[in-house]
Number of protein chains: 2
Amino acid sequence: MAKKTQRTPRRSDGLSKELIVKAAADLLDERGESALTLRALTTRLSTGYGAIYHHVENKGDLLAAATDDVVSRVMTGVVVDADPREALRAVASGLFDAIDAHPWVGAQLSREPSMPALLEVYESVGGLLDALGVPERSLFDAAGALVNYVLGVAGQNAANAAARDGGEAARSAFLGDVAARWSRLDPDRYPFVHKAAAHLREHDDREQFLAGVDIFLAGIATLR
Amino acid sequence: MAKKTQRTPRRSDGLSKELIVKAAADLLDERGESALTLRALTTRLSTGYGAIYHHVENKGDLLAAATDDVVSRVMTGVVVDADPREALRAVASGLFDAIDAHPWVGAQLSREPSMPALLEVYESVGGLLDALGVPERSLFDAAGALVNYVLGVAGQNAANAAARDGGEAARSAFLGDVAARWSRLDPDRYPFVHKAAAHLREHDDREQFLAGVDIFLAGIATLR
DNA sequence: ACGTTGTTGGATCGTCGCTCCAACACGCTA
DNA sequence: TAGCGTGTTGGAGCGACGATCCAACAACGT
């Protein structure tokens, strides 16, 4: 583009897919997954449907792009540790933290697992497991298992967050409610769940998630 | 009309929550998750909204009830093996088969993980892990990890099934499409995923799932 | 015979994702 | 400078959804 500039990019601000995706992500972060509607987007961007659909294929495309942003930021940010085991833990906890901060990412990932963003995850996990000495015949099973575990937790997290969305009362009460319901169960018929209810109150989701990762890694070590 | 009967239970057939849930499950099985609409239900049952909403709280309640049916049928049907390890594998593969046959169950489970149906699963898994000798301090982490893995696979399966729903062309092509896309990737930048594409074509979802369960169980064994 | 109660069908509402198109802003050519 | 072409923009409108609401109805007790 010779010309000096083609600036003043049309109207006062100039829309773009980037901008739209950013606005969508903000909406999702601020008001939860159910708040992302095309209508809410048009008012937030003070524009119309046409403008949005000119840059974006459909709502799914929008959600996918926003999720991709978050996940790929995690994957490029992960420290490449010398120890593959530590690097795997770093990938896992990086994903957990991102999903914890943006529950809608968890929902999208467990709903649409062939997303481009997950490609980076698979590649990273597969490579690290390879570096860990997992034999090739088990490599795909192992990587799939680990990623599926992460996706399971992602979905769970998203569901919990959605359940909390209702109101402030619901927010703090939700986990306690489940715990209360569980501890009210007949201890003879449901001994495990009954005991689990106590743990539920004082447990740390992140720690439990990482404990699960460790269990998988221990199991993977036996494949060597 | 002295007694005799109070049969002819109101109208020609007589609606009930059971009947409605059954019809919903049929609809889901036959035409996929997106086909379950209240409107479709009313025409299938040749009734109106009022009748349905009289027996059912809302659409979520309906989905939950249908899912509960499937899952609890699985859990009561599982053979109580003497060997806890085998019993765990039986629970896992029972769930997998049910989700494979009814992908909407997978979607619902990964979306709403505090469902009553999952209570039975947690209880069973927790009890079996206990019987396996997992120390109490690790019991909840282990059970959570295993269940989350199953939920992750469940969501993945549901997503794949939904992607196939489109048409017959899409149905058979879907997995091959992913494999093709993956194998077209730069082998230098994505060595693992590139190799995985080959496996993808000939892999068996069920076998891979069970391999994951075995990895998990091997990891559990190290907790002893 | 008549109200009571529990059930039924469907009109209707508000909201959603999305399509479609007239109006516009700019850069190019003449 | 005038006009055209192209790429953008805003918003009216469509069909489908979940859900609510209510008039009509069927069986029973009295």
Side-chain angles (χ1 to χ4, degrees), chain A residues 1-24 27-28 31-66 104 107-108 111-112 162 165-166, chain B residues 1-24 27-28 31-66 104 107-108 111-112 162 165-166:
Chain A
M1 300 314 154
K3 293 348 156 17
K4 196 101 124 283
T5 57
Q6 65 264 68
R7 64 181 87 130
T8 52
R10 185 52 64 91
R11 76 184 281 93
S12 63
D13 47 350
L15 226 39
S16 72
K17 177 156 182 179
E18 244 178 34
L19 240 168
I20 296 174
V21 169
K22 176 70 168 57
L27 216 41
L28 288 163
R31 319 223 318 263
E33 208 177 347
S34 64
L36 177 62
T37 69
L38 269 300
R39 262 161 254 265
L41 252 192
T42 59
T43 61
R44 173 173 277 244
L45 293 168
S46 43
T47 180
Y49 299 95
I52 289 180
Y53 274 90
H54 180 76
H55 295 278
V56 154
E57 195 134 345
N58 52 42
K59 194 183 175 182
D61 182 28
L62 197 56
L63 252 167
W104 49 273
Q108 172 67 12
R111 194 189 304 134
E112 201 97 26
D165 266 359
Chain B
M1 299 303 164
K3 324 321 157 50
K4 191 120 164 217
T5 59
Q6 67 258 69
R7 65 183 84 134
T8 54
R10 182 56 63 90
R11 78 183 279 94
S12 64
D13 47 350
L15 225 38
S16 71
K17 177 156 183 178
E18 245 178 34
L19 240 167
I20 296 175
V21 169
K22 176 70 167 59
L27 216 41
L28 288 162
R31 319 221 321 262
E33 208 177 346
S34 63
L36 177 61
T37 70
L38 269 301
R39 262 160 255 266
L41 252 192
T42 59
T43 60
R44 172 173 277 243
L45 293 167
S46 42
T47 177
Y49 298 95
I52 290 179
Y53 275 90
H54 180 78
H55 294 279
V56 154
E57 193 135 345
N58 51 41
K59 195 184 175 181
D61 182 27
L62 197 57
L63 252 168
W104 49 274
Q108 171 68 11
R111 194 189 304 133
E112 202 98 25
D165 266 359

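Order of the sequence lines fixes the chain letters, A, B, ..., with proteins taken first and strands second; residue numbering starts at 1 for each chain.
Taking the side chain as every heavy atom from C-beta outward, A:Lys17 and A:Asp61 approach each other to under 4.5 Å. Under the 4.5 Å side-chain criterion, counting only non-hydrogen atoms from C-beta, B:Leu62 is in contact with B:Leu41.
In B:Arg31, the CZ atom is not crowded: 12 or fewer heavy atoms of neighbouring residues, nucleotides or ligands sit closer than 6.0 Å.
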Requested in this report: Treat primed atoms plus P, OP1 and OP2 as sugar-phosphate and everything else as base, then score nucleotides 16-24 of chain D 5' to 3': B for base contact with protein heavy atoms under 4.0 Å, S for sugar-phosphate contact only, - for none.
Outcome: -BBBBB---

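A side chain to side chain contact (heavy atoms under 4.5 Å, CB included) with A:Leu38 holds for exactly one of A:Asn58, A:Val56, A:Ile52; it is A:Ile52.
Listed by chain and number, the residues in a side chain to side chain donor-acceptor pair (under 3.5 Å) with B:Glu33 are B:Arg111 (sequence neighbours excluded).
Between A:Leu15 atom CG and C:dC26 atom C1' there is a gap of 17 Å when expressed in whole angstrom units. Note: CG (A:Leu41) to P (C:dC18) measures 12 Å, nearest angstrom.
A:His54 has no side-chain polar atom (N or O) that falls below the 4.0 Å cut-off from OP1 or OP2 of D:dT9. Look at A:His55 and you'll find a side-chain N or O under 4.0 angstrom from OP1 or OP2 of D:dT9.
Heavy atoms only, all atoms of each residue included: A:Ala23 and A:Leu45 are closest at CB-CD2, 3.7 Å.
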